[in-house]
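Comments concern the structure below.
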Amino acid sequence: MAKAQKGPKLQPVRGTHDIMGDKARTFQYINKIFQDIAKRFGHEEISTPIFEFTEVFNRTLGETSDVVSKEMYSFEDRGGESLTLRPEYTAGIARAFISNGLQQSLPCKFFGSGPMFRYERPQKGRMRQFHQIDVEILGAAEPQADIEVLALAVTLLTELNLMANVRLEINSLGDQESRHAYRDALITYFSAHKDKLSKDSLLRLEKNPLRILDSKNDGDRALVEKAPRISDYYNDASKHFFEEVIAGLDALGIDYTLNERLVRGLDYYSHTAFEFITNDLGAQGTVLAGGRYDALIEMMGGPATAGIGWAAGMERLAELISPDLVPVEARPIAIVPVGVTCQAKAIEIAQQLRSAGHRVEMSYRGNMAKRLKRANKAHANEAVIIGEDELARGMVMIKNLNDGKQQEVALDKILNHLKMYLSLEVKKS
RNA sequence: GCGGGUGUAGCUCAGUUGGUUAGAGCGCCAGAUUGUGAUUCUGGAGGUCGCGGGUUCGAGACCCGUCACUCGCCCCA
């Protein structure tokens, strides 16, 4: 708990967190694996600004969406422009696509990561500043893109050892024509049963009827059971498209559950929608989610360009990964000078070792007992003890902190003596 | 935005129906050992009991407000 203070509040702003220690390590681990895999799939990194003109988001997400209507961090800058801290990645990437005239080189495959901001009520797995990794393919209307993007997600979750924790749910919203027909059918159906709908769903009926399908209210669920099914509204093209996606998943041996109630509210979505869901995070069980958004770029004022992608929540992924399974840095070599006269030499030796690629902990203070104690705490493999007596003979004492054995080593043999510790990555035990 | 729970040391938590200077374990610092760590022993630092107000002779305990976290709803990654 932060201590009470006069003056500025020392608490972090609600819903924000400092990332350090195990969490920082886990984030870095996820990011490294993610970047590596994304590159294997032929994606290039894109890093868009953390804030954009407010227009970028409210035009694309829709004025009535919750994100736009009550969750954005919007502000006016000193020039009077309305800016918004990005609540999601896709709109920024779509904007970058248009700004940079990238329609010359389709398809564009991107990946990115970074903080997002939403003014929400914080809970576990839901904060006001959170971090996402993101994958997009722009300019590919083929189902193969859907399959690849899903394969990328599965590869990531597999390499993070999380496939056992999640299930893939997938659905198709069909193309615009199918989707609108279905939407109308839903409105007709639910309007006829208004008296049985929950308060929340009555609102959804106005703003976002598809959302009623995944209501958690028992009364709603009973109604949804008998509601029209989206699969009955696919036109031939939509049906065929979805069959190809599913066939692709089958060919790759990817398990999935068809969930006809999995929907996207926003208007630019079409065809494939999917979520990787876990039961281990309570109400915030969606760990990675995405879909096809063929209408987005055009809606923003760009050339009609298909798109598909997904985003995953870093915090949610990290929550599922035990810190014990995250590789740690190689154990260091500790440098222990004895007495002030040896400090200059100690720094010199530390520098040599570091230049050679070792991770080196230099101790600054205390008698030898203290310094060794600290070396031990730093998990050092070896302590290079540098004392006047040995230096006079051109030697140092190197002590193995695992077995306690020590031996004198000539100054010019130190690197050779320690080379076995170079670039060792160990699992925390 | 709505409803429930929680808030005592760096961490995990005790704290009796309100009663003197608020405790433990772990961690941290120091000494036993001024050139040898992980064990042990001894000592020490660290809390306006989340914050503000109220009730009371007396509040960490009770009441109100507020902030933060947490669970569910909503929404979403």
Does [N] have OP1 or OP2 sitting under 4.0 Å from an N or O in the side chain of [X]?
X	N	value
A/K124	B/rC71	yes
A/R211	B/rC74	no
A/K377	B/rC28	yes
A/R14	B/rC69	yes
A/R204	B/rC75	yes
A/R316	B/rA77	no
A/Q123	B/rG72	yes
A/K399	B/rU36	no

Would you measure the distance from the [atom1] atom in [N] across to the matching atom in [M] and give it in whole Å?
N	M	atom1	answer
B/rU66	B/rC75	C1'	26 Å
B/rU42	B/rG60	C1'	32 Å
B/rC74	B/rC57	P	50 Å
B/rG54	B/rA59	C1'	11 Å
B/rU48	B/rC11	P	13 Å
B/rU33	B/rG27	P	23 Å
B/rA30	B/rC69	C1'	36 Å
B/rG18	B/rC13	C1'	22 Å

ask   = Less than 6.0 Å separating the ring centroids of A/F27 and A/H131?
value = yes
query = Expressed in angstrom and rounded to an integer, what is the separation of A/R331 atom CZ from B/rG37 atom C1'?
reply = 13 Å
message = In whole Å, I'd like the distance from the CG atom of A/L391 to the C1' atom of B/rG35.
response =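 Answer to the nearest Å: 13 Å.
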Side-chain donor-acceptor contact under 3.5 Å, [X] with [Y]:
X	Y	answer
A/Y293	A/E136	yes
A/K419	A/N416	yes
A/N400	A/E382	yes

Could you check which of [options] has an atom nearest any side-chain atom of [X]?
X	options	answer
A/A289	B/rC73, B/rA77, B/rG1	B/rA77
A/D200	B/rA38, B/rA77, B/rC73	B/rC73
A/E390	B/rC74, B/rG37, B/rG35	B/rG35
A/S215	B/rC74, B/rG37, B/rA77	B/rC74
A/I385	B/rU36, B/rA38, B/rC73	B/rU36

Pairing partner (Watson-Crick or G-U wobble, both distances under 3.5 angstrom) of [N]:
N	result
B/rC73	B/rG1
B/rU21	none
B/rU34	none
B/rU55	none
B/rU66	B/rG50

Base, sugar-phosphate or nothing for [X]? Non-hydrogen atoms, less than 4.0 Å.
X	result
A/K370	sugar-phosphate
A/E319	nothing
A/Q406	base
A/G285	nothing
A/L401	base
A/G125	base
A/A311	sugar-phosphate

ask   = Is there a side-chain contact between A/F110 and A/V135, using heavy atoms and a 4.5 Å cut-off?
value = no
Flag the pair [X] and [Y] as a salt bridge only when some basic side-chain nitrogen lies within less than 4.0 angstrom of an acidic carboxylate oxygen.
X	Y	value
A/R95	A/E52	yes
A/E319	A/R316	no
A/E329	A/R25	no
A/R167	A/E169	yes
A/D175	A/R179	no

key: Nearest-nucleotide 5' precedence on RNA chain B, A/R118 against A/A283   =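 Closest to the 5' end, via its nearest nucleotide, is A/A283.
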request  = With RNA chain B as reference, determine whether A/I386 or A/Q132 sits nearer its 5' end, using the nearest nucleotide of each.
outcome  =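 Nearest nucleotide further toward 5': that of A/I386.
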ask   = Is there a residue in residues 149-169 of chain A whose heavy atoms reach under 4.0 Å of RNA chain B, and which residues are they?
value =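 Heavy-atom contacts with RNA chain B come from no residue of residues 149-169 of chain A; none.
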key: Check: A/R121 side chain, B/rG3 base, donor-acceptor under 3.5 Å   = yes
